[in-house]
2 protein chains.
Amino acid sequence: MASARTDLYQIKEKMYVATDCIIFGFDSGKLKLLLFRRRVEPLRGEWSLIGSFVRLDEDIDVAGHRVLKEITGLDKVFMQQLKTYGKKDRDPGYRCISVAQYALIRIEEHDEQLVEEHGAHWFEIDDLPELILDHRQMVDDVLAQIRQNARYRPIGFELLPEKFTIPQLQLLYEAIYQKKLDSRNFRKKVLSLNVLEKLDEKDRSGSKRGAFLYKFNYKNYQQLMDSGYNFEIV
Amino acid sequence: MASARTDLYQIKEKMYVATDCIIFGFDSGKLKLLLFRRRVEPLRGEWSLIGSFVRLDEDIDVAGHRVLKEITGLDKVFMQQLKTYGKKDRDPGYRCISVAQYALIRIEEHDEQLVEEHGAHWFEIDDLPELILDHRQMVDDVLAQIRQNARYRPIGFELLPEKFTIPQLQLLYEAIYQKKLDSRNFRKKVLSLNVLEKLDEKDRSGSKRGAFLYKFNYKNYQQLMDSGYNFEIV
DNA sequence: GCAAAAGTGTTCTACTTACACCCATGA
DNA sequence: TCATGGGTGTAAGTAGAACACTTTTGC
(Lines give C-alpha, C1' and ligand atoms only; values in the text may rest on other atoms or scores of the structure.)
Protein backbone atom coordinates (compact mmCIF):
# COMPACT_ATOMS: atom_id res chain seq x y z
CA MET A 1 0.00 0.00 0.00
CA ALA A 2 2.31 2.64 1.24
CA SER A 3 4.88 1.85 -1.36
CA ALA A 4 2.36 2.09 -4.16
CA ARG A 5 1.53 5.52 -2.95
CA THR A 6 5.13 6.52 -2.55
CA ASP A 7 5.79 5.47 -6.11
CA LEU A 8 2.98 7.56 -7.39
CA TYR A 9 4.21 10.56 -5.48
CA GLN A 10 7.64 10.12 -6.87
CA ILE A 11 6.68 10.37 -10.49
CA LYS A 12 8.52 13.54 -11.22
CA GLU A 13 7.82 15.14 -14.53
CA LYS A 14 8.89 18.62 -15.41
CA MET A 15 6.81 21.10 -17.30
CA TYR A 16 6.95 24.63 -18.55
CA VAL A 17 5.74 27.33 -16.22
CA ALA A 18 4.64 30.60 -17.72
CA THR A 19 3.17 33.73 -16.27
CA ASP A 20 0.58 35.88 -17.98
CA CYS A 21 0.10 39.46 -16.90
CA ILE A 22 -3.25 41.13 -16.98
CA ILE A 23 -2.32 44.78 -17.09
CA PHE A 24 -4.98 47.28 -16.13
CA GLY A 25 -4.97 50.96 -16.77
CA PHE A 26 -7.55 53.69 -16.32
CA ASP A 27 -7.85 56.44 -18.87
CA SER A 28 -10.59 58.86 -19.95
CA GLY A 29 -13.02 57.29 -17.55
CA LYS A 30 -12.49 53.83 -19.02
CA LEU A 31 -10.93 50.74 -17.54
CA LYS A 32 -8.48 49.28 -20.03
CA LEU A 33 -6.34 46.22 -20.58
CA LEU A 34 -3.01 46.00 -22.34
CA LEU A 35 -2.90 43.25 -24.94
CA PHE A 36 -0.46 42.42 -27.66
CA ARG A 37 -0.16 40.39 -30.81
CA ARG A 38 1.69 37.21 -30.06
CA ARG A 39 5.09 37.10 -31.69
CA VAL A 40 5.86 33.42 -31.57
CA GLU A 41 4.33 30.31 -33.06
CA PRO A 42 1.87 28.81 -32.58
CA LEU A 43 -0.89 31.39 -32.88
CA ARG A 44 1.50 34.10 -33.95
CA GLY A 45 -0.32 37.34 -34.61
CA GLU A 46 -3.32 36.61 -32.40
CA TRP A 47 -4.25 38.87 -29.49
CA SER A 48 -2.92 37.66 -26.21
CA LEU A 49 -2.14 38.66 -22.68
CA ILE A 50 1.47 39.48 -22.17
CA GLY A 51 3.40 36.60 -20.76
CA SER A 52 6.68 34.84 -20.52
CA PHE A 53 8.14 31.59 -19.39
CA VAL A 54 9.33 31.64 -15.82
CA ARG A 55 13.02 30.94 -15.64
CA LEU A 56 14.62 28.37 -13.42
CA ASP A 57 16.38 30.94 -11.29
CA GLU A 58 13.49 33.36 -11.06
CA ASP A 59 10.64 33.75 -8.58
CA ILE A 60 7.25 33.71 -10.26
CA ASP A 61 6.35 37.19 -9.10
CA VAL A 62 9.72 38.44 -10.27
CA ALA A 63 8.96 37.04 -13.70
CA GLY A 64 5.74 39.05 -13.71
CA HIS A 65 7.58 42.22 -12.84
CA ARG A 66 10.15 41.49 -15.51
CA VAL A 67 7.45 41.20 -18.16
CA LEU A 68 5.83 44.37 -16.97
CA LYS A 69 9.05 46.29 -17.01
CA GLU A 70 9.87 45.12 -20.50
CA ILE A 71 6.56 46.19 -21.91
CA THR A 72 5.69 49.31 -19.96
CA GLY A 73 9.03 50.46 -18.58
CA LEU A 74 7.47 50.46 -15.13
CA ASP A 75 9.00 49.19 -11.92
CA LYS A 76 7.36 48.62 -8.58
CA VAL A 77 3.83 48.40 -9.78
CA PHE A 78 1.02 46.83 -7.84
CA MET A 79 0.84 43.21 -8.92
CA GLN A 80 -1.06 40.33 -7.48
CA GLN A 81 -1.49 36.70 -8.28
CA LEU A 82 -4.85 35.78 -9.72
CA LYS A 83 -4.87 32.04 -10.24
CA THR A 84 -2.90 29.27 -11.88
CA TYR A 85 -4.27 27.72 -15.04
CA GLY A 86 -3.22 24.14 -15.28
CA LYS A 87 -5.49 22.12 -17.55
CA LYS A 88 -3.32 19.52 -19.21
CA ASP A 89 -4.34 20.53 -22.72
CA ARG A 90 -4.60 24.26 -22.26
CA ASP A 91 -1.62 24.89 -24.48
CA PRO A 92 -1.38 22.95 -27.71
CA GLY A 93 1.91 21.21 -28.33
CA TYR A 94 3.52 20.99 -24.94
CA ARG A 95 2.49 20.97 -21.33
CA CYS A 96 2.62 24.45 -19.93
CA ILE A 97 0.86 25.85 -16.92
CA SER A 98 0.38 29.55 -16.46
CA VAL A 99 0.31 31.61 -13.31
CA ALA A 100 -1.87 34.60 -14.10
CA GLN A 101 -1.00 37.81 -12.31
CA TYR A 102 -2.68 41.15 -12.60
CA ALA A 103 -1.11 44.56 -12.43
CA LEU A 104 -2.68 47.93 -11.83
CA ILE A 105 -0.66 50.71 -13.37
CA ARG A 106 -0.91 54.45 -13.65
CA ILE A 107 -1.51 54.66 -17.31
CA GLU A 108 0.04 58.10 -17.70
CA GLU A 109 3.33 56.84 -16.30
CA HIS A 110 3.94 54.07 -18.77
CA ASP A 111 6.39 54.26 -21.65
CA GLU A 112 4.20 54.58 -24.72
CA GLN A 113 6.99 54.07 -27.13
CA LEU A 114 8.02 50.81 -25.51
CA VAL A 115 4.45 49.59 -25.63
CA GLU A 116 4.26 50.37 -29.30
CA GLU A 117 7.52 48.65 -30.05
CA HIS A 118 6.08 45.48 -28.61
CA GLY A 119 2.95 45.69 -30.68
CA ALA A 120 0.81 46.18 -27.60
CA HIS A 121 -2.45 48.11 -27.43
CA TRP A 122 -4.85 49.30 -24.80
CA PHE A 123 -8.40 47.97 -25.09
CA GLU A 124 -11.45 49.01 -23.14
CA ILE A 125 -12.60 46.11 -21.01
CA ASP A 126 -15.99 45.95 -22.61
CA ASP A 127 -14.53 45.88 -26.09
CA LEU A 128 -11.84 43.23 -26.10
CA PRO A 129 -10.78 41.25 -29.15
CA GLU A 130 -10.76 37.49 -29.17
CA LEU A 131 -7.91 36.12 -27.11
CA ILE A 132 -5.82 32.99 -27.48
CA LEU A 133 -6.01 29.87 -25.33
CA ASP A 134 -7.70 30.43 -21.98
CA HIS A 135 -6.83 34.11 -21.81
CA ARG A 136 -10.43 35.18 -22.07
CA GLN A 137 -11.17 33.04 -19.04
CA MET A 138 -8.35 34.76 -17.20
CA VAL A 139 -9.82 38.14 -17.99
CA ASP A 140 -13.27 37.12 -16.82
CA ASP A 141 -11.79 35.74 -13.63
CA VAL A 142 -9.74 38.83 -12.94
CA LEU A 143 -12.71 41.12 -13.40
CA ALA A 144 -14.71 39.08 -10.93
CA GLN A 145 -11.86 39.18 -8.48
CA ILE A 146 -11.27 42.89 -8.85
CA ARG A 147 -14.93 43.65 -8.35
CA GLN A 148 -14.81 41.54 -5.25
CA ASN A 149 -11.58 43.04 -3.93
CA ALA A 150 -12.16 46.65 -4.76
CA ARG A 151 -15.00 46.64 -2.26
CA TYR A 152 -12.70 46.00 0.65
CA ARG A 153 -9.22 46.99 -0.45
CA PRO A 154 -8.38 50.33 -1.93
CA ILE A 155 -6.92 48.84 -5.07
CA GLY A 156 -8.58 51.51 -7.09
CA PHE A 157 -6.01 54.03 -5.96
CA GLU A 158 -3.24 52.11 -7.72
CA LEU A 159 -4.81 52.96 -11.05
CA LEU A 160 -4.98 56.68 -10.48
CA PRO A 161 -2.21 59.23 -10.56
CA GLU A 162 -0.63 59.96 -7.21
CA LYS A 163 -2.79 63.05 -6.99
CA PHE A 164 -6.36 62.58 -8.04
CA THR A 165 -9.76 64.15 -7.57
CA ILE A 166 -12.83 62.64 -6.01
CA PRO A 167 -14.75 62.75 -9.29
CA GLN A 168 -11.90 60.82 -10.94
CA LEU A 169 -12.01 58.22 -8.20
CA GLN A 170 -15.74 57.93 -8.62
CA LEU A 171 -15.41 57.46 -12.36
CA LEU A 172 -12.99 54.65 -11.72
CA TYR A 173 -15.35 52.87 -9.38
CA GLU A 174 -18.14 53.37 -11.85
CA ALA A 175 -15.95 51.79 -14.52
CA ILE A 176 -15.13 48.83 -12.30
CA TYR A 177 -18.71 48.18 -11.27
CA GLN A 178 -20.27 49.38 -14.48
CA LYS A 179 -22.91 51.43 -12.78
CA LYS A 180 -23.54 55.01 -11.80
CA LEU A 181 -22.91 56.01 -8.22
CA ASP A 182 -24.43 58.91 -6.32
CA SER A 183 -21.76 61.57 -5.98
CA ARG A 184 -22.91 62.81 -2.60
CA ASN A 185 -22.92 59.37 -1.06
CA PHE A 186 -19.69 58.38 -2.73
CA ARG A 187 -17.86 61.42 -1.49
CA LYS A 188 -19.25 61.02 2.01
CA LYS A 189 -18.17 57.41 2.12
CA VAL A 190 -14.61 57.72 0.87
CA LEU A 191 -13.93 60.81 2.95
CA SER A 192 -15.29 59.17 6.08
CA LEU A 193 -12.68 56.43 5.76
CA ASN A 194 -10.04 58.99 6.52
CA VAL A 195 -7.56 57.62 4.02
CA LEU A 196 -7.57 60.59 1.68
CA GLU A 197 -5.46 63.68 2.19
CA LYS A 198 -6.83 66.84 0.69
CA LEU A 199 -4.23 68.97 -1.04
CA ASP A 200 -4.27 72.69 -1.68
CA GLU A 201 -4.10 72.21 -5.41
CA LYS A 202 -6.87 71.86 -7.91
CA ASP A 203 -7.07 69.93 -11.12
CA ARG A 204 -8.72 72.01 -13.79
CA SER A 205 -8.56 69.52 -16.60
CA GLY A 206 -12.06 68.27 -15.96
CA SER A 207 -13.92 71.51 -15.43
CA LYS A 208 -13.52 75.23 -15.26
CA ARG A 209 -14.10 75.41 -11.58
CA GLY A 210 -11.57 72.66 -10.94
CA ALA A 211 -11.68 69.87 -8.38
CA PHE A 212 -9.45 69.55 -5.34
CA LEU A 213 -6.69 66.99 -5.56
CA TYR A 214 -6.22 64.31 -2.94
CA LYS A 215 -3.50 61.86 -2.05
CA PHE A 216 -3.99 58.38 -0.70
CA ASN A 217 -2.72 58.02 2.85
CA TYR A 218 -1.24 54.53 3.12
CA LYS A 219 -0.47 54.93 6.82
CA ASN A 220 -4.06 55.65 7.77
CA TYR A 221 -5.20 52.87 5.52
CA GLN A 222 -2.91 50.41 7.26
CA GLN A 223 -4.26 51.50 10.63
CA LEU A 224 -7.80 51.12 9.39
CA MET A 225 -7.06 47.58 8.20
CA ASP A 226 -5.24 46.64 11.37
CA SER A 227 -8.20 47.78 13.39
CA GLY A 228 -10.20 45.12 11.61
CA TYR A 229 -12.48 47.62 9.96
CA ASN A 230 -14.59 46.31 7.16
CA PHE A 231 -13.68 48.79 4.47
CA GLU A 232 -16.40 48.88 1.85
CA ILE A 233 -16.79 51.46 -0.83
CA VAL A 234 -19.44 50.25 -3.19
CA MET B 1 15.07 45.56 -29.35
CA ALA B 2 12.22 43.34 -30.30
CA SER B 3 14.51 40.45 -30.94
CA ALA B 4 16.14 40.85 -27.54
CA ARG B 5 12.74 40.59 -26.01
CA THR B 6 11.74 37.66 -28.12
CA ASP B 7 14.88 35.85 -27.07
CA LEU B 8 14.14 36.43 -23.45
CA TYR B 9 10.62 35.19 -23.84
CA GLN B 10 11.81 32.09 -25.54
CA ILE B 11 14.04 30.89 -22.77
CA LYS B 12 12.14 27.74 -21.97
CA GLU B 13 13.11 25.93 -18.84
CA LYS B 14 11.06 23.18 -17.32
CA MET B 15 10.46 22.73 -13.64
CA TYR B 16 8.62 20.47 -11.27
CA VAL B 17 5.07 21.39 -10.44
CA ALA B 18 3.60 20.06 -7.24
CA THR B 19 0.30 20.56 -5.52
CA ASP B 20 -0.18 20.74 -1.77
CA CYS B 21 -3.58 20.10 -0.28
CA ILE B 22 -4.76 21.85 2.80
CA ILE B 23 -7.46 19.56 4.08
CA PHE B 24 -9.95 20.98 6.54
CA GLY B 25 -12.32 19.08 8.74
CA PHE B 26 -14.65 20.10 11.53
CA ASP B 27 -15.04 17.89 14.54
CA SER B 28 -16.13 18.36 18.16
CA GLY B 29 -16.49 22.06 17.63
CA LYS B 30 -12.93 22.40 16.37
CA LEU B 31 -11.58 23.27 12.97
CA LYS B 32 -8.87 20.80 12.03
CA LEU B 33 -6.22 20.21 9.41
CA LEU B 34 -4.94 16.92 8.10
CA LEU B 35 -1.13 16.70 8.13
CA PHE B 36 1.26 13.87 7.62
CA ARG B 37 4.85 12.96 8.18
CA ARG B 38 6.74 13.29 4.96
CA ARG B 39 7.87 9.97 3.57
CA VAL B 40 10.58 11.03 1.17
CA GLU B 41 13.91 12.75 1.47
CA PRO B 42 14.74 15.48 2.09
CA LEU B 43 13.01 16.31 5.37
CA ARG B 44 11.66 12.81 5.73
CA GLY B 45 9.66 12.45 8.92
CA GLU B 46 8.79 16.13 9.28
CA TRP B 47 5.18 17.33 9.39
CA SER B 48 3.92 18.49 6.06
CA LEU B 49 0.83 19.23 4.06
CA ILE B 50 -0.15 16.42 1.80
CA GLY B 51 1.08 16.89 -1.70
CA SER B 52 2.24 15.31 -4.88
CA PHE B 53 3.93 16.17 -8.10
CA VAL B 54 1.53 17.05 -10.87
CA ARG B 55 1.92 14.65 -13.77
CA LEU B 56 2.37 15.66 -17.35
CA ASP B 57 -0.98 14.29 -18.41
CA GLU B 58 -2.93 15.55 -15.43
CA ASP B 59 -4.84 18.76 -14.76
CA ILE B 60 -3.67 20.50 -11.61
CA ASP B 61 -7.05 20.27 -9.93
CA VAL B 62 -7.26 16.61 -10.85
CA ALA B 63 -3.93 16.08 -9.12
CA GLY B 64 -5.42 17.62 -5.99
CA HIS B 65 -8.40 15.33 -6.12
CA ARG B 66 -6.12 12.36 -6.67
CA VAL B 67 -4.14 13.20 -3.54
CA LEU B 68 -7.29 13.67 -1.57
CA LYS B 69 -8.73 10.39 -2.70
CA GLU B 70 -5.56 8.52 -1.86
CA ILE B 71 -5.42 9.86 1.66
CA THR B 72 -9.04 10.14 2.70
CA GLY B 73 -10.83 7.84 0.28
CA LEU B 74 -13.10 10.73 -0.65
CA ASP B 75 -14.26 11.73 -4.08
CA LYS B 76 -16.02 14.87 -5.17
CA VAL B 77 -15.01 17.03 -2.28
CA PHE B 78 -15.10 20.78 -2.32
CA MET B 79 -11.68 21.94 -3.39
CA GLN B 80 -10.42 25.32 -4.40
CA GLN B 81 -7.16 26.80 -5.47
CA LEU B 82 -5.49 28.99 -2.91
CA LYS B 83 -2.32 30.33 -4.47
CA THR B 84 0.83 29.24 -6.23
CA TYR B 85 4.07 29.34 -4.32
CA GLY B 86 6.93 29.98 -6.65
CA LYS B 87 9.94 31.41 -4.88
CA LYS B 88 12.98 30.08 -6.68
CA ASP B 89 14.54 28.67 -3.52
CA ARG B 90 11.41 27.48 -1.75
CA ASP B 91 12.40 23.87 -2.15
CA PRO B 92 15.99 22.90 -1.46
CA GLY B 93 17.66 20.87 -4.14
CA TYR B 94 15.59 21.45 -7.22
CA ARG B 95 13.26 24.01 -8.61
CA CYS B 96 9.72 23.13 -7.72
CA ILE B 97 6.69 25.35 -7.56
CA SER B 98 3.59 24.35 -5.67
CA VAL B 99 -0.01 25.10 -6.37
CA ALA B 100 -1.74 25.06 -2.99
CA GLN B 101 -5.35 23.94 -2.97
CA TYR B 102 -7.66 23.62 -0.03
CA ALA B 103 -10.35 21.07 0.54
CA LEU B 104 -13.28 21.10 2.92
CA ILE B 105 -14.40 17.63 3.86
CA ARG B 106 -17.04 16.10 6.05
CA ILE B 107 -14.78 14.61 8.61
CA GLU B 108 -17.11 11.81 9.54
CA GLU B 109 -17.11 10.55 5.96
CA HIS B 110 -13.40 10.03 5.54
CA ASP B 111 -11.69 6.68 5.65
CA GLU B 112 -9.89 6.66 8.99
CA GLN B 113 -7.93 3.56 8.25
CA LEU B 114 -6.56 4.99 5.03
CA VAL B 115 -5.54 8.14 6.84
CA GLU B 116 -3.71 6.11 9.43
CA GLU B 117 -1.93 4.02 6.84
CA HIS B 118 -0.49 7.18 5.39
CA GLY B 119 0.74 8.40 8.72
CA ALA B 120 -1.63 11.34 8.65
CA HIS B 121 -3.18 13.06 11.67
CA TRP B 122 -5.79 15.68 12.35
CA PHE B 123 -4.57 18.79 14.18
CA GLU B 124 -6.60 21.61 15.62
CA ILE B 125 -5.81 24.76 13.70
CA ASP B 126 -4.59 26.61 16.77
CA ASP B 127 -2.27 23.79 17.74
CA LEU B 128 -0.29 22.89 14.63
CA PRO B 129 3.20 21.42 14.67
CA GLU B 130 6.06 22.99 12.80
CA LEU B 131 5.71 22.45 9.07
CA ILE B 132 8.30 22.05 6.34
CA LEU B 133 9.24 24.60 3.70
CA ASP B 134 6.63 27.30 3.21
CA HIS B 135 3.73 25.16 4.36
CA ARG B 136 3.13 27.27 7.43
CA GLN B 137 2.75 30.25 5.14
CA MET B 138 0.23 28.33 3.10
CA VAL B 139 -1.79 27.59 6.20
CA ASP B 140 -1.75 31.21 7.30
CA ASP B 141 -2.81 32.28 3.83
CA VAL B 142 -5.61 29.77 3.64
CA LEU B 143 -7.01 30.79 7.00
CA ALA B 144 -7.07 34.39 5.92
CA GLN B 145 -8.79 33.43 2.69
CA ILE B 146 -11.34 31.22 4.35
CA ARG B 147 -12.22 33.90 6.87
CA GLN B 148 -12.66 36.25 3.97
CA ASN B 149 -14.67 33.84 1.83
CA ALA B 150 -16.86 32.33 4.49
CA ARG B 151 -18.46 35.72 4.93
CA TYR B 152 -19.89 35.69 1.45
CA ARG B 153 -19.96 32.11 0.27
CA PRO B 154 -21.51 29.32 2.25
CA ILE B 155 -18.33 27.29 2.31
CA GLY B 156 -19.04 26.41 5.89
CA PHE B 157 -21.70 23.97 4.81
CA GLU B 158 -19.13 21.81 3.05
CA LEU B 159 -17.59 20.96 6.38
CA LEU B 160 -20.78 19.81 8.04
CA PRO B 161 -22.71 16.61 7.53
CA GLU B 162 -25.48 16.81 4.99
CA LYS B 163 -27.92 17.25 7.83
CA PHE B 164 -26.84 19.60 10.54
CA THR B 165 -28.30 21.75 13.26
CA ILE B 166 -28.13 25.49 13.64
CA PRO B 167 -26.05 25.24 16.81
CA GLN B 168 -23.54 23.08 14.91
CA LEU B 169 -23.36 25.63 12.13
CA GLN B 170 -22.82 28.34 14.66
CA LEU B 171 -20.02 26.40 16.33
CA LEU B 172 -18.34 26.09 12.97
CA TYR B 173 -18.50 29.80 12.32
CA GLU B 174 -17.21 30.44 15.79
CA ALA B 175 -14.29 28.12 15.06
CA ILE B 176 -13.52 29.86 11.79
CA TYR B 177 -13.65 33.35 13.23
CA GLN B 178 -12.43 32.39 16.68
CA LYS B 179 -15.06 34.37 18.47
CA LYS B 180 -18.38 33.83 20.14
CA LEU B 181 -21.48 34.76 18.19
CA ASP B 182 -24.88 35.67 19.56
CA SER B 183 -27.16 32.72 18.97
CA ARG B 184 -30.30 34.80 18.44
CA ASN B 185 -28.70 37.01 15.84
CA PHE B 186 -26.92 34.13 14.17
CA ARG B 187 -30.08 32.08 13.81
CA LYS B 188 -32.03 35.06 12.56
CA LYS B 189 -29.40 35.81 9.95
CA VAL B 190 -28.88 32.37 8.48
CA LEU B 191 -32.58 31.61 8.41
CA SER B 192 -33.34 34.91 6.72
CA LEU B 193 -31.11 33.91 3.81
CA ASN B 194 -33.59 31.24 2.93
CA VAL B 195 -30.95 28.67 2.01
CA LEU B 196 -31.67 26.25 4.84
CA GLU B 197 -34.38 23.63 4.70
CA LYS B 198 -35.78 22.57 8.03
CA LEU B 199 -36.29 18.83 8.37
CA ASP B 200 -38.68 16.97 10.63
CA GLU B 201 -35.87 15.19 12.39
CA LYS B 202 -33.97 16.17 15.46
CA ASP B 203 -30.40 15.52 16.41
CA ARG B 204 -30.19 14.56 20.07
CA SER B 205 -26.47 14.06 20.30
CA GLY B 206 -25.89 17.55 21.59
CA SER B 207 -28.66 17.87 24.14
CA LYS B 208 -31.59 16.11 25.70
CA ARG B 209 -34.10 18.33 24.05
CA GLY B 210 -32.53 17.86 20.66
CA ALA B 211 -32.09 20.39 17.86
CA PHE B 212 -33.85 20.36 14.53
CA LEU B 213 -31.82 19.25 11.55
CA TYR B 214 -31.48 21.34 8.41
CA LYS B 215 -30.25 20.76 4.89
CA PHE B 216 -28.50 23.27 2.72
CA ASN B 217 -30.56 24.26 -0.32
CA TYR B 218 -28.12 24.76 -3.17
CA LYS B 219 -30.82 25.86 -5.56
CA ASN B 220 -31.95 28.75 -3.39
CA TYR B 221 -28.36 29.64 -2.75
CA GLN B 222 -27.68 29.84 -6.47
CA GLN B 223 -30.68 32.09 -6.92
CA LEU B 224 -29.52 34.28 -4.08
CA MET B 225 -26.09 34.64 -5.67
CA ASP B 226 -27.49 35.27 -9.13
CA SER B 227 -29.62 38.04 -7.73
CA GLY B 228 -26.41 39.76 -6.71
CA TYR B 229 -27.22 39.60 -3.05
CA ASN B 230 -24.37 40.32 -0.74
CA PHE B 231 -24.48 37.22 1.40
CA GLU B 232 -22.79 37.92 4.69
CA ILE B 233 -23.00 35.76 7.74
CA VAL B 234 -20.50 37.10 10.23
C1' DG C 1 -36.92 18.89 39.99
C1' DC C 2 -32.85 20.16 37.92
C1' DA C 3 -29.20 20.61 34.66
C1' DA C 4 -28.19 21.65 29.88
C1' DA C 5 -28.84 23.05 25.50
C1' DA C 6 -32.56 24.89 22.08
C1' DG C 7 -35.23 28.32 20.79
C1' DT C 8 -37.41 32.96 20.64
C1' DG C 9 -38.40 39.21 20.10
C1' DT C 10 -37.55 43.84 20.89
C1' DT C 11 -35.11 48.03 21.18
C1' DC C 12 -31.42 50.98 19.94
C1' DT C 13 -27.99 52.39 16.90
C1' DA C 14 -25.43 53.03 12.74
C1' DC C 15 -25.20 52.83 8.10
C1' DT C 16 -27.14 53.12 3.47
C1' DT C 17 -29.98 55.24 0.24
C1' DA C 18 -32.52 58.64 -2.02
C1' DC C 19 -32.84 63.03 -3.35
C1' DA C 20 -31.99 68.80 -5.37
C1' DC C 21 -29.78 72.83 -5.26
C1' DC C 22 -25.95 76.38 -5.15
C1' DC C 23 -21.00 77.39 -6.41
C1' DA C 24 -16.97 78.69 -9.08
C1' DT C 25 -15.08 79.46 -13.30
C1' DG C 26 -13.72 80.10 -18.29
C1' DA C 27 -15.38 81.08 -22.48
C1' DT D 1 -24.35 85.39 -18.70
C1' DC D 2 -24.37 80.88 -19.29
C1' DA D 3 -22.84 76.21 -19.59
C1' DT D 4 -20.24 72.83 -17.13
C1' DG D 5 -18.85 70.03 -13.71
C1' DG D 6 -17.75 70.52 -8.35
C1' DG D 7 -19.45 70.43 -4.05
C1' DT D 8 -22.87 70.08 -0.12
C1' DG D 9 -27.07 68.17 3.85
C1' DT D 10 -31.08 65.88 5.45
C1' DA D 11 -34.65 62.60 6.17
C1' DA D 12 -36.35 57.83 5.78
C1' DG D 13 -35.48 53.14 5.71
C1' DT D 14 -32.84 49.05 6.72
C1' DA D 15 -29.70 45.99 8.78
C1' DG D 16 -26.74 44.90 12.67
C1' DA D 17 -25.83 44.63 17.65
C1' DA D 18 -27.12 44.12 22.24
C1' DC D 19 -29.70 41.91 25.41
C1' DA D 20 -32.64 37.61 28.98
C1' DC D 21 -35.93 34.46 29.54
C1' DT D 22 -38.85 30.17 28.46
C1' DT D 23 -38.96 25.41 26.63
C1' DT D 24 -37.92 20.62 26.40
C1' DT D 25 -36.17 16.55 28.04
C1' DG D 26 -33.25 12.82 30.18
C1' DC D 27 -31.48 11.79 34.28
Side-chain angles (χ1 to χ4, degrees), chain A residues 26-30 150-152 160-161 163-175 177 179-215 224 227-234, chain B residues 28-30 147 150-152 160-161 163-175 177-215 224 227-234:
Chain A
F26 180 64
D27 182 37
S28 321
K30 299 282 187 177
R151 296 176 98 89
Y152 308 105
L160 291 172
K163 300 173 182 180
F164 54 88
T165 67
I166 307 258
Q168 277 169 9
L169 184 62
Q170 182 176 342
L171 275 175
L172 171 56
Y173 272 87
E174 289 177 343
Y177 291 104
K179 70 174 181 189
K180 278 271 171 216
L181 302 173
D182 180 280
S183 69
R184 284 161 295 191
N185 293 337
F186 183 80
R187 182 180 290 268
K188 208 187 314 170
K189 188 93 170 256
V190 296
L191 289 177
S192 76
L193 294 173
N194 202 31
V195 294
L196 297 187
E197 248 171 67
K198 188 173 183 174
L199 305 176
D200 271 339
E201 307 165 63
K202 281 191 164 187
D203 168 66
R204 294 191 195 273
S205 66
S207 72
K208 294 155 187 167
R209 176 180 177 177
F212 278 103
L213 287 163
Y214 288 78
K215 272 172 68 177
L224 191 66
S227 76
Y229 180 76
N230 207 11
F231 187 111
E232 186 170 6
I233 291 180
V234 185
Chain B
S28 321
K30 300 281 188 178
R147 285 185 184 128
R151 297 175 96 89
Y152 308 105
L160 291 172
K163 302 174 182 180
F164 53 86
T165 67
I166 307 258
Q168 276 168 10
L169 184 62
Q170 181 175 344
L171 274 174
L172 171 57
Y173 273 87
E174 289 178 344
Y177 291 103
Q178 313 225 78
K179 71 173 179 188
K180 277 272 171 214
L181 301 173
D182 180 280
S183 69
R184 284 162 295 190
N185 292 338
F186 182 81
R187 182 180 291 267
K188 208 186 313 170
K189 189 91 170 257
V190 295
L191 289 178
S192 76
L193 294 173
N194 201 31
V195 295
L196 297 188
E197 248 171 66
K198 188 173 182 174
L199 304 176
D200 271 339
E201 308 163 63
K202 280 190 164 188
D203 168 67
R204 294 191 195 272
S205 65
S207 72
K208 294 155 187 168
R209 179 179 176 179
F212 278 103
L213 287 163
Y214 288 79
K215 272 173 69 177
L224 190 67
S227 77
Y229 179 76
N230 206 12
F231 188 110
E232 185 170 6
I233 291 180
V234 184

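Letters A, B, ... mirror the listed sequences (proteins, then strands); counts begin at 1.
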Whole angstroms only, please: what is the CD-C1' distance between Gln170(A) and dG5(D)? 12 Å
Donor-acceptor contact below 3.5 Å, side chain Arg204(A) vs main chain Arg209(A): yes
Just the rounded figure in Å: distance from C1' of dG7(C) to CG of Leu171(B). 15 Å
Not counting sequence neighbours, which residues clear salt bridge (charged side-chain N to carboxylate O under 4.0 Å, His left out) with Lys188(A)? List them please. none
Tyr214(B) and side chain to side chain contact (heavy atoms under 4.5 Å, CB included): which single residue from Val195(B), Ile166(B), Asp203(B) fits? Ile166(B)
Does Glu174(A) reach the side chain of Leu171(A), with side-chain heavy atoms less than 4.5 Å apart? yes
Whole angstroms only, please: what is the CG-P distance between Asp203(B) and dG26(D)? 14 Å
If every non-hydrogen atom of Lys198(B) is compared with every non-hydrogen atom of Phe212(B), which pair is closest and at what distance? CE-CG, 3.5 Å
Using the salt bridge (charged side-chain N to carboxylate O under 4.0 Å, His left out) criterion, which residues pair with Glu197(A)? Sequence neighbours excluded. none
Distance in angstrom units between Leu181(A) CG and dT16(C) C1', rounded: 13 Å
Would you mind reading off the distance between Lys180(A) atom NZ and dA18(C) atom P, rounded to a whole angstrom? 15 Å
Provide, to the nearest angstrom, the distance between the CZ atom belonging to Arg204(A) and the C1' atom belonging to dC23(C). 13 Å
Taking protein heavy atoms under 4.0 Å as touching, what does nucleotides 6-15 of chain D look like 5' to 3' if B marks base contact, S marks sugar-phosphate-only contact and - marks none? BSBBB-----
